[in-house]
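No experiment lies behind these values; they were computed from the predicted model shown. Note that the numbering runs from 1 along the sequence shown for the chain. Excluded from the calculations below are hydrogen atoms, water molecules and symmetry mates; all remaining heavy atoms, backbone and side chain alike, are included.
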Amino acid sequence: MMKRLIAGGRHFLGLHKPGRNLNVWPDDIFLVSYPKSGNTWTRFLIANLVYPKKNPDFSNINQLIPDPEAMSKRDLDRSPRPRILKSHQYFDPRYQKVIYIVRDPRDVVLSEYHFDIKRRAISEDYPLSQFVERFVRGELNHPNGTWGENAASWVYTRANDPRFLLIRYEALQSQAMEEMGKIARFLSLAVGPEELRRAIDLSAADRMRDLEKKQGHLWSSTRETRQDKPFVRSAKSGGWKKELPEIGIAEIESKWGSLMRDVGYELVVSSFSESGMPGMANKS
């Protein structure tokens with residue numbers, strides 16, 4: 001009874017974290033992705049571009065690019081407008097202007113696996129093959145659906161809408177200046193190459209790892225997780241080619257192959273034998 005009264009009081013005062021139930025304003029811009037798809041990196045890129053004098057780091061990133069899962073309703077409602085907000089939500093028609101970061105699900109599952117070890121959701125010896133099965137079924141520790149459900153809800157609903165910008169994580173890595181230029185134009189920012197390069201350099205993986213070592217205990221996503229395991233890992237693409245078992249690759253491609261092709265990912269499973277084992281194309 002007391003817990004319910006406390007929760008009710010917090011809700012009345014706006015001290016609860018609203019998540020999907022946040023108030024959405026007409027001038028809001030949402031940075032959306034499925035979990036472990038590069039959202040944090042992109043938050044830093046955008047924060048370093050939009051707020052260069054505020055020295056974005058893990059101690060203030062939630063204030064600069066607010067997270068409705070980590071901040072109170074009261075603080076969110078008081079955030080300066082126009083707000084740029086982080087989200088992992090599946091499609092919400094209230095989100096008028098959206099940057100959606102998509103990442104190869106074969107890499108996403110590896111990042112999810114290591115993050116679940118970091119936050120003690122699974123043991124270090126948990127079989128990766130079993131985790132892939134859970135990933136495909138959407139049986140993970142968040143309410144954001146499967147990779148396919150989340151990505152498809154945005155990509156197929158908002159494709160060709162000028163209020164929607166699709167950014168591939170891999171392109172952001174390989175051609176950062178070009179992709180950040182797209183983001184800057186989408187945000188109507190009058191910035192030049194020097195500002196873009198500065199934001200990219202300040203958001204480099206090595207620098208973010210250094211910041212995490214110093215501030216990981218302060219940030220909402222890492223302060224209650226294992227500090228001996230990094231949140232910012234290799235920050236590279238294609239790790240699945242060496243780390244994922246072939247049957248896991250086949251499961252992911254069989255489930256979401258059409259969507260993966262539509263957003264630019266090449267499939268490597270060539271065929272299935274009668275035993276159900278995949279035939280693999282060259283993964284090198």
For Pro127, side-chain contact (heavy atoms from CB on, under 4.5 Å) partners two or more places apart:
Ser129, Gln130
Validation row, ring centre Tyr95 to ring centre Phe164 under 6.0 Å
no
For residues Tyr113 and Glu124, report the shortest heavy-atom separation together with the two atoms involved.
OH-O, 3.8 Å
Holding to side chain to side chain donor-acceptor pair (under 3.5 Å), I want the full list of residues that pass it with Asn21, two or more places apart in sequence or in another chain.
none
Applying side-chain hydrogen bond (donor to acceptor under 3.5 Å, both in side chains), which residue pairs with at least one partner in residues 181-195 are found, sequence neighbours left out?
Glu179-Lys182
Taking the side chain as everything from C-beta on, heavy atoms only, tell me whether Tyr90 gets closer than 4.5 Å to Arg20.
yes
Shortest non-hydrogen contact from Glu170 to Tyr265?
OE1-OH, 2.5 Å
Closest non-hydrogen atom pair, Asn39 against Leu31
ND2-O, 3.3 Å
Pair Phe135 + Trp256: ring centers closer than 6.0 Å:
yes
Pairs touching residues 259-268 that satisfy salt bridge (charged side-chain N to carboxylate O under 4.0 Å, His left out), sequence neighbours left out
none
Please report the shortest heavy-atom distance between Thr146 and Val136, naming the atom on each side.
CG2-O, 3.6 Å
By side-chain contact (heavy atoms from CB on, under 4.5 Å), Ser79 pairs with (sequence neighbours left out) Pro66, Met71, Arg83
Nearest 0.5 Å, please: how far is CD1 in Ile29 from CD1 in Ile65?
9.5 Å
For Asp104, salt bridge (Lys or Arg N to Asp or Glu O under 4.0 Å) partners two or more places apart
Arg106
In Å, rounded to the nearest 0.5 Å, how long is the span from CG of Leu45 to CE of Met208?
8.0 Å
